[in-house]
Amino acid sequence: FSAAEYSYYYSALYMSYAQQAYYYDYYYGEGYGAMLTGFDYRVSPEEQYLSAADGSQISYAEYFRELTVATMEQYSYYADQAKAMGLTLTEDDLALVKENLASIDEAAASYGVSTDEFLLQQYGEGINSYVLSEVIKDQLFAQKYQDKISEDLAQKITDEEIEAVYNEDPEEYNRVTLRAMRFSISQNEDGSSDAEQQQAAAADFMSKVTDEASFVKIAAETDPENFSEDINSLVEDADYNTISQNIGEDAADWAFSSDRKTGDMQIFSTGMYVYVLFVCEPAARNEEHLPSVRHILVTFDDSEEVTSEEGVTNLSGERVLSKAEAYKLCEDYLKEFKRGDRTEESFAALAEKYSEDTASLSSGGQGGEGGLYAQIPRGQYVKPFEDWAYDESRQVGDTGIVETEYGYHIMYFCGREDEPEWKATIRAELASEETEEYLSDLDEKYAGTAVYSSEDTDAAYDFAMQSISGYFA
């Protein structure tokens, strides 16, 4: 390994720790970063310590040095294994490399220097565009190797193994669908409350309910502000922890009992609410095959201020589309897609170009890509969006336009999981555990294989420390 590679990885590792600590400080208050991560980004890594595996105290600077070497060894070994297995980088992978380099070019231009000069300032002698591109490619190869190992191990997991895991703890994988009506408990200044009155109101409500339809109707009549719509009382495909955390362990135990049947009702109290629960579908394994979709979000404003078909420009100079204009734009985007090869990849490219849902885009910084929402569980997305994805007639490649409270969504159906949700969940959990164990066992094969000059890495370390000193000066 070169000194430049060492400097690159050391700086990257430092920044990952520093940014995490900064995130906690920023959102929760000064000092939370150090308290929650053990690392204080405001202090030099040479001046703060942690316990090593043998119980001794080492500085974070030394810890980062050891971790840097281990990281380089791991990436190198995994990348070599990927190439030996015949794995290759796709066009999308190579495009990602170019995007990373382009972002470096933009950063360099913003500082008025060349890309290579910028990289020199960031990582020291030896790092240039070519070296950086090779480092990024090796990281992609390393990820492909890990994915391949996980995929192979997942396929080897038998149905008997999956069934055994389920039988050990059915509550972990069962799902229940309920109706829930709540009555708010008011606290008085003298410390008393109206809990008894709300208990009585809940009992009166329950006495009038004869089936699910009457539950929905009476809930809307009792509290039209919060339960006017059918969906307001629906708790769909909930797991044990969701019920336990939001209503209470006693409610979860009741809902997930094998004795439950459709139409069962019960009252449960918390410090803030009295709940009436109605069982729509007793707890059982979720046999649905979860769908995956991509979408392009186009927002609009249908308020009285935006009535023309041409929309308006707000005080910030941003374009605000009317509902009609937004729908016309969706039609245009859909026509553009259909003029092309109509593949999932081409839809993903249009999503990256046009969608306003940044969380589902690679540019959003939240792990999204191409407008993708994979393995959609019920009850966690707005109803029209979910209904479109779960339509039993839906076929791979289907498209459509759906309206929700967020705007218009141009939809693309990617497909359904091969296995039911409960089974796919257990397979993924077992594969993750086995992959972690498998990769951990590889440590012995590549640990200590790094070849480098101590003189070079000492120089690289000094340069890295100079580069990051501004963060804790």
Could you verify whether a donor N or O on one side chain and an acceptor N or O on the other, from [X] and [Y], lie under 3.5 Å apart?
X: Tyr446; Y: Asp443; result: yes
X: Ser393; Y: Asp391; result: yes
X: Ser360; Y: Glu369; result: no
X: Glu47; Y: Ser44; result: no
X: Tyr173; Y: Glu429; result: yes
X: Asp138; Y: Tyr78; result: no
X: Asp54; Y: Ser56; result: yes
X: Ser150; Y: Asp147; result: no
X: Glu344; Y: Tyr412; result: no

So, for [X] and [Y], which heavy atoms are closest and what is the spacing to 0.1 Å?
X: Leu87; Y: Phe141; value: O-CE2, 3.3 Å
X: Gly371; Y: Ala351; value: N-CB, 3.9 Å
X: Thr88; Y: Lys144; value: O-CE, 3.2 Å
X: Pro420; Y: Glu287; value: CB-O, 3.4 Å
X: Ala21; Y: Thr37; value: CB-OG1, 3.8 Å
X: Gln81; Y: Tyr145; value: CB-CE1, 3.4 Å

Please check this pair: side chain of [X] against backbone of [Y], looking for a donor-acceptor N/O pair closer than 3.5 Å.
X: Glu117; Y: Ser114; result: no
X: Asp239; Y: Arg175; result: no
X: Glu386; Y: Gly379; result: yes
X: Ser244; Y: Tyr240; result: no
X: Thr71; Y: Leu67; result: yes

Pairwise distance [atom1]([X]) to [atom2]([Y]) - rounded to 0.5 angstrom:
X: Met72; Y: Glu5; atom1: CE; atom2: CD; answer: 7.0 Å
X: Asp237; Y: Thr177; atom1: CG; atom2: OG1; answer: 4.5 Å
X: Met35; Y: Tyr24; atom1: CE; atom2: OH; answer: 10.5 Å
X: Gln375; Y: His289; atom1: CD; atom2: NE2; answer: 12.5 Å
X: Leu101; Y: Lys98; atom1: CG; atom2: NZ; answer: 10.0 Å
X: Tyr354; Y: Phe337; atom1: OH; atom2: CZ; answer: 13.0 Å

When the ring planes of [X] and [Y] are compared, do they come out parallel, tilted or perpendicular, using 30° and 60° as the limits?
X: Phe385; Y: Tyr373; result: perpendicular
X: Trp388; Y: Phe413; result: perpendicular
X: Tyr32; Y: Tyr28; result: tilted
X: Phe300; Y: Tyr408; result: tilted

Can you confirm whether [X] sits close enough to [Y] that some side-chain heavy atom of one is under 4.5 Å from a side-chain heavy atom of the other?
X: Ser129; Y: Ile104; answer: no
X: Val69; Y: Tyr6; answer: yes
X: Leu50; Y: Ile58; answer: yes
X: Val135; Y: Tyr9; answer: yes
X: Glu434; Y: Ile149; answer: no

*Run the ring-centre check on Phe39 versus Phe64 and record whether the distance is less than 6.0 Å.*
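When the ring centroids of Phe39 and Phe64 are compared, they turn out to be within the sub-6.0 Å range.
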*Take Val293 and Arg394 through the side chain to side chain contact (heavy atoms under 4.5 Å, CB included) test and state the conclusion after the steps.*
CA-CA 11 Å; Val293 302; Arg394 197 68 59 216; over 6 Å; no
*asked:* Quick one, Gln57 with Ser51, criterion side chain to side chain contact (heavy atoms under 4.5 Å, CB included). Give me CA distance, side-chain angles, the key distance, then yes/no.
replied: CA-CA 5 Å; Gln57 292 289 300; Ser51 297; 2.8 Å; yes
_I'd like to know whether NZ of Lys445 has more than 12 heavy-atom contacts from other residues, nucleotides or ligands below 6.0 angstrom._
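No, not enclosed.
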_If you apply the rule salt bridge (Lys or Arg N to Asp or Glu O under 4.0 Å), what do you find for Lys137 with Asp93, and how did you get there?_
CA-CA 8 Å; Lys137 287 177 183 177; Asp93 293 327; over 6 Å; no
*asked:* Before you tell me yes or no, could you show the steps for Met411 and Ile401 under side chain to side chain contact (heavy atoms under 4.5 Å, CB included), namely the whole-Å CA-CA distance, both residues' side-chain angles and the distance that decides it to 0.1 Å?
replied: CA-CA 6 Å; Met411 308 289 289; Ile401 299 175; over 6 Å; no
*Could I get the full list of side-chain contact (heavy atoms from CB on, under 4.5 Å) partners for Leu96, not counting sequence neighbours?*
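Expected list: Glu99, Asn100, Leu140.
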*Would you check, one step at a time, whether the test side chain to side chain contact (heavy atoms under 4.5 Å, CB included) holds for Lys383 with Glu229?*
CA-CA 12 Å; Lys383 202 74 169 67; Glu229 297 184 16; over 6 Å; no
*Think Arg182 forms a cation-pi with Tyr273, using NZ or CZ under 6.0 Å from the six-ring centre and within 45 degrees of its axis?*
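Here Arg182 passes the 6.0 Å and 45° test against Tyr273.
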_Intermediate values then yes/no, salt bridge (Lys or Arg N to Asp or Glu O under 4.0 Å), Lys323 and Glu403_ = CA-CA 10 Å; Lys323 188 174 182 178; Glu403 180 184 348; 3.0 Å; yes
